[in-house]
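The block underneath contains the structure these notes are about, expressed in structure tokens.
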Amino acid sequence: MIQTLHISNYALIDNIDITLHPGLNILTGETGAGKSIILGALSLLLGGRCDTKAVRNHDAKSVIEATFSADGYAALKEFCETNDIDWDDATVILRREIAPNGRSRAFVNDCPVNLSLLQTAALHLIDIHSQHQNLLLASPPYQLRVIDSLADNGARLATFTAAYNAYRLAVRRFKHARKAMEQARDDEEFLRFQYKRLKDARLVEGELEELEHERELLVNMADVKTTLGTVIGNLTDNEENVDQLLRQTIDEAERLGDLIEDADSLAERLRSLRVEAQDIAATFAEYDRDLAGDPERLDEVEERLNMLYDLLRRQKAESVEQLIAMRDEMESRLQTLDSGDENLQELELAAKRAKKEALEIAAEISKSRHAEAVRFSEILRERAVPLGMKNLRVEIVVRDTELSPTGIDHVEFLFAFNKNQPLLPVGNTASGGEISRLMLSIKSIVADKMQLPSIIFDEVDTGVSGDVADKMGELMRQIAENIQVVAITHLPQVASKGSSHYKVFKEDTEHATVTRIRELSPEERVRELAVMLSGSEVNEAALANARALLASVK
């Protein structure tokens, strides 16, 4: 529900603030007073195109802001959370700002959004219908939505959507697997050749680094043996060696035992050092015994390394570990090929089962649509005929279609407004006034089912009068029992049905003429209705007639 509307620096409006109420809000005023300007400003919140000519003062921006009650808008809450828009369970605020250069900015709950997001958010909140807005009634998605809402198909549609999505997913999986299988079949011979080469290589993690180290050792074996001999000789084998010098040093240190306080402990440390040096010499000696210059082993290492380098180059890999991963992935693909036909059959069966389940749910929905189409056509005719369409015929056609996200049905509303006229789609047969009355009739039927947002009717009663006008006003009042309605009208019969009444008028200031709006008090409302009934000259008869109109509604 619209709670407040603020418009500033827009066309003839310098600044207005409107507080709207639940029920039927009536806007009246003379032609040219600015009612359409207010509606045009509201349309900007629906993503409408802005015109720099509409910016009143080119030293400031135009601002249109509407505050809505957020209660009951679960779909809008989900939309905001999905698009990272702040959500307040109390209110929703839509705002459009237009700079003098024509650039505009849009906001939802003070979060900047693009026009597409603003429009989507607004469609959850506002439904503006004018006499010339005929596309919606002729739209197949809207027609289907009407039938589904009246048939209470919400839960069934949710179940169907889940089943349909599961079916589409199963189909995608099958097609993806089939395409992969076809591609794999084309590459199978080469794939098997590559896999065999990698498998026969008997790859081991870390092998490349170990082989490179071994080759380095084998290539430099002579230098290594010479160096080992020098190290062992210095430690134990030479005429003068570390072991001999340590032994002599220990003997000398022990002689100082009675003279130096720490001599004994130092001698003990030297003995430990000698044992460590002997152990080191033994280890080097063991290396020296084990190492031998083996030309055959060097050839084996070189051959293995060349094979690994060749595999790395051919497979464009950087390590043996990557080659192992490639080998395992090839093995998996080949296993898939070997069991591919069986897997494809299983995926195809899964897709068929999912389609069957979706079709069964769609058939239930279709049955309810057919039944509701008959019922709704009768109710719509009963509701619309009193609005000056006595020869109206209505047929809601539900045709079978291929399975789609909406089910297996195509819904089309067909109308005839004159005798002997064939039933035709509404866009091919109805005038603007007839479509407006049809739309009003439909919305009076579905208002409590479709969770419609606040509805704004812009002079949909143009071209009617008398009893038809009174019945249109009554329909608007009935709709307003379930949702908020704002009606712009020139007809007193319609205006009298409102629970709140606003007058739009022009006012001359010191420098310009501006549009104003104010909510009328009960007595002001009587006078406004009297003006609408009799013109600018108001007499007691007109006032009495106005009071009678208001009293008849109460």
Side-chain angles (χ1 to χ4, degrees), residues 1-11 13-20 22 25 36-130 133 135-136 139 141-142 145 158 161 165 405 450-458 483-486:
M1 180 186 87
I2 305 174
Q3 295 176 325
T4 61
L5 174 64
H6 167 82
I7 305 171
S8 62
N9 196 34
Y10 182 78
I13 298 172
D14 55 354
N15 187 78
I16 63 172
D17 287 283
I18 311 169
T19 299
L20 296 172
N25 296 264
S36 61
I37 294 175
I38 295 174
L39 193 65
L42 261 176
S43 69
L44 292 177
L45 295 180
L46 286 165
R49 295 183 61 183
C50 56
D51 187 348
T52 55
K53 296 178 182 178
V55 180
R56 178 182 176 85
N57 177 5
H58 283 271
D59 293 327
K61 63 186 176 183
S62 294
V63 178
I64 299 94
E65 180 177 285
T67 302
F68 301 81
S69 166
D71 184 37
Y73 290 104
L76 180 58
K77 179 179 181 180
E78 181 180 353
F79 166 81
C80 289
E81 291 175 346
T82 300
N83 291 280
D84 294 326
I85 298 171
D86 292 341
W87 176 258
D88 182 341
D89 287 326
T91 58
V92 178
I93 302 173
L94 306 184
R95 185 168 76 254
R96 185 92 178 267
E97 299 178 355
I98 306 166
N101 62 7
R103 297 186 64 181
S104 75
R105 301 174 67 199
F107 302 84
V108 177
N109 289 342
D110 290 325
C111 295
V113 297
N114 58 39
L115 279 185
S116 176
L117 288 179
L118 176 70
Q119 184 180 44
T120 303
L123 288 174
H124 285 281
L125 298 164
I126 316 172
D127 178 13
I128 299 178
H129 185 73
S130 65
Q133 190 184 20
L135 293 178
L136 189 60
S139 164
Y142 178 80
R145 184 181 169 211
T161 298
N165 290 339
M450 292 183 69
Q451 293 184 325
L452 291 171
S454 299
I455 298 180
I456 299 174
F457 291 113
D458 178 26
I483 58 174
Q484 183 189 56
V485 177
V486 178

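Residues take their numbers from the sequence shown, with the count starting at 1.
- The minimum heavy-atom distance between Ala106 and Leu118, with the atom names listed, is CB-CD2, 3.7 Å.
- The minimum heavy-atom distance linking Cys80 with Val108 is given by the pair SG-CG1, 4.4 Å.
- The heavy-atom pair separating Arg56 from Tyr10 by the smallest distance is CB-N, 4.1 Å.
- Nearest heavy-atom pair across Cys50 and Arg96 is SG-NH2, 4.0 Å.
- At distances below 3.5 Å, not a single donor-acceptor pair connects side-chain atoms of Glu97 with backbone N or O atoms of Lys61.
- Between Met1 and Leu20 the shortest side-chain heavy-atom distance does not fall below 4.5 Å.
- The NE2 atom of His124 lies 14.0 Å from the NZ atom of Lys77; values are rounded to the nearest 0.5 Å.
- Ile18 contributes atom CD1, which lies 5.5 Å from atom CD1 of Ile7 (distance to the nearest 0.5 angstrom).
- With rounding to the nearest 0.5 angstrom, the CZ atom of Arg95 is 10.5 Å from the CG atom of Leu45.
- Within the 4.5 Å cutoff, no side-chain heavy atoms of Leu42 are placed close to those of Ile64.
- Considering CD1 of Ile455 and CG of Asn25, their distance stands at 12.5 Å, rounded to 0.5 Å.
- Here the straight-line distance linking atom OG of Ser43 with atom CZ of Arg49 works out to 12.0 Å at 0.5 Å rounding.
- Heavy atoms of other residues, nucleotides or ligands lying less than 6.0 angstrom from CD of Glu78 number 12 at most.
- Rounded to the nearest 0.5 angstrom, Leu76 CG and Glu81 CD are separated by 10.0 Å.
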Derivation and outcome, side-chain contact (heavy atoms from CB on, under 4.5 Å), residues Ser454 and Ile126: CA-CA 5 Å; Ser454 299; Ile126 316 172; 5.5 Å; no
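- Scanning all heavy atoms of the two residues, the minimum distance from Ile37 to Ala11 falls at CG2-CB, 3.8 Å.
- Under 3.5 Å, the side chains of Thr67 and Thr4 contain a donor-acceptor pair of N or O atoms.
- A side-chain donor-acceptor contact under 3.5 Å links Asn9 to the backbone of Asn57.
- Across every non-hydrogen atom of Ile456 and Leu39, the tightest pair is CG2-CD1, 3.6 Å.
- Here the side chains of Asn83 and Thr120 are not in contact, with every heavy-atom distance at 4.5 Å or above.
- In this structure, the side chains of His58 and Asn101 stay at 4.5 Å or more apart for every pair of heavy atoms.
- Contact of the Glu65 side chain with the Phe107 side chain is not registered, since no non-hydrogen atoms from C-beta on lie closer than 4.5 Å.
- A distance-only check finds a donor-acceptor pair linking the side chain of Asn109 to the backbone of Ile93 [under 3.5 Å].
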